[in-house]
There are 2 protein chains.
Amino acid sequence: MKNQGADILKGSSLSVTSSRKAILDIFLGSDNALAHQDIENIAKQYDRVTIYRTLQTFLEKGIIHSIPTTDNIIKYALCSDMCITTGHHHDNHVHFLCDDCGKTVCLDEVSIPNVNLPKGFVKKEINMVVNGICNSCQK
Amino acid sequence: MKNQGADILKGSSLSVTSSRKAILDIFLGSDNALAHQDIENIAKQYDRVTIYRTLQTFLEKGIIHSIPTTDNIIKYALCSDMCITTGHHHDNHVHFLCDDCGKTVCLDEVSIPNVNLPKGFVKKEINMVVNGICNSCQK
DNA sequence: AGTATTTTGCAACAAAGTTGCAAATCCAAT
DNA sequence: ATTGGATTTGCAACTTTGTTGCAAAATACT
Ligand SMILES: [Mn+2]
Ligand SMILES: [Mn+2]
Ligand SMILES: [Zn+2]
Ligand SMILES: [Zn+2]
């Protein structure tokens, strides 16, 4: 756990730079998905463009996945080990967006149910986002 | 079917203006969901701001619903009659985004399967978007 | 340590979305 | 049909978000 970030980067054959380590550490230390803007607010020392490019690189390498939300803000969260080792995404879990606190979380233990499409449609990827009240906003 | 647009507007207690009629007609005549930009390209005579505000109004009145897509472009599609008459959304269908032609369609006949959330999470709304190849792009 | 390759920050730009306000339009009452 | 009040629109100005080219800096490799 000492240099987890650097290890992940090396494992994805990315050079280890301070911005990549910093951004990866932010994800490793967060329990919810983050928007570009969140990263910008936390890692203020890095240029906006660098953050865009880093998120793009992480997506391509399967280090993070993106979550399309109803409020038009893409959020990003760490992928499971399998995405990272194989280099492509195996994220089949449901995402939850809390209408109260605004946090988006990966429900890793809830897998997306199968669905039958009409004839002629070929499914490649499914996204399921549930809105509501999260467990920590429940009174 | 003569003045369908105007009727929908009146039914939602909105004043009937030329921009609202025009934008509503675009939806009525389209078989796929449209992005803000699509509307702008078709209804060139209206101001960008008017289109933003009109889409917002239509959303609030339950005339259209929005579809969060993986490519960070919100698309809009007409709601079923029930949304319009009750004034809030009853859209429980799956959406399909074609990776080939880029079109987003409502699969009105495919309803979103139920999913069990962990203890403490309360579900209010579910979105399910499937990516892949649509029926008309199939060779 | 020296060099080739990759990454970063900056500047400049393009696209997307927001707000205030005055003019135009709409609607309902006369 | 005309009028007056309320709503909607277009415009201008602005903020936020995302993109691109390029030189300087950092990284990886020998
Ligand atoms: Mn996730
Ligand atoms: Mn739909
Ligand atoms: Zn919450
Ligand atoms: Zn298609």
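Within every chain, numbering begins at 1; the chains are lettered A, B, ... in the order of the sequence lines, protein sequences first and strands thereafter. Computed from heavy atoms alone, side chains included, the values below leave out hydrogens, waters and symmetry copies. Everything numeric here is computed off the predicted structure, so don't read it as measured data.
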Please report, rounded to the nearest Å, how far the P atom of dG18(D) is from the CG atom of Asp47(A).
14 Å
Are Leu59(A) and Ile67(A) joined in one hydrophobic group, where the rule is that I, L, V, M, F, W and Y side chains link up if heavy atoms are under 4.5 Å apart?
no
Phosphate-side-chain proximity, Ser15(B) and dT8(D), N/O vs OP1/OP2 below 4.0 Å:
yes
Decide yes or no, distance alone: a donor-acceptor N/O pair under 3.5 angstrom between the base of dG10(D) and the side-chain of Arg48(B).
no
Does dT16(D) have its OP1 or OP2 closer than 4.0 Å to a side-chain nitrogen or oxygen of Gln37(A)?
no
Whole-Å gap separating C1' (dT6(C)) and NZ (Lys61(A))
12 Å
In whole angstrom, what separates Tyr52(B)'s OH from dT8(D)'s C1'?
18 Å
Specify the separation, in whole Å, of atom OH of Tyr76(B) and atom C1' of dG17(C).
10 Å
Angle between ring planes, Phe96(A) versus Phe121(B), binned at 30° and 60°: parallel, tilted or perpendicular?
perpendicular
From C-beta outward on Tyr46(B), which listed nucleotide comes closest to its side chain: dT8(C), dG10(D), dC10(C)?
dG10(D)
Thr17(B) vs His36(B), nearer the 5' end of DNA chain C by closest nucleotide
His36(B)
Above 12 or not: heavy atoms from other molecules or residues under 6.0 Å from CG of Asn41(B)?
yes
How close or far is atom C1' of dC27(C) from atom NZ of Lys21(B), stated in whole angstroms?
14 Å
So, is Asn72(A) near the phosphate of dG17(C), with a side-chain N or O under 4.0 Å from OP1 or OP2?
yes
Taking for each residue the nucleotide of DNA chain D with the nearest heavy atom, is it Val49(A) or Leu14(A) whose nucleotide lies nearer the 5' end?
Val49(A)
Interatomic distance where CD1 belongs to Ile51(B) and P belongs to dA15(C) [whole Å]:
16 Å
Non-hydrogen atoms of Pro113(B) and Met128(B) that approach each other most closely
CD-SD, 3.8 Å
How many Å lie between CD1 on Ile74(A) and C1' on dA16(C), as a whole number?
14 Å
Between atom NZ in Lys10(A) and atom P in dA28(D), what is the gap in whole Å?
8 Å
State which of dT20(D), dG17(C), dT17(D) makes the closest approach to the side chain of Arg53(A).
dT20(D)
Once you apply a heavy-atom cut-off of 4.0 Å, does Arg20(B) come out as touching a base, just sugar-phosphate, or nothing?
sugar-phosphate
Qualifying residue for side-chain contact (heavy atoms from CB on, under 4.5 Å) with Val16(A), from Asn3(A), Leu9(A), Ile8(A), Leu24(A)
Leu9(A)
Using the side-chain heavy atoms of Thr50(A), tell me which of these nucleotides is nearest: dT8(C), dC11(D), dT19(D).
dT8(C)
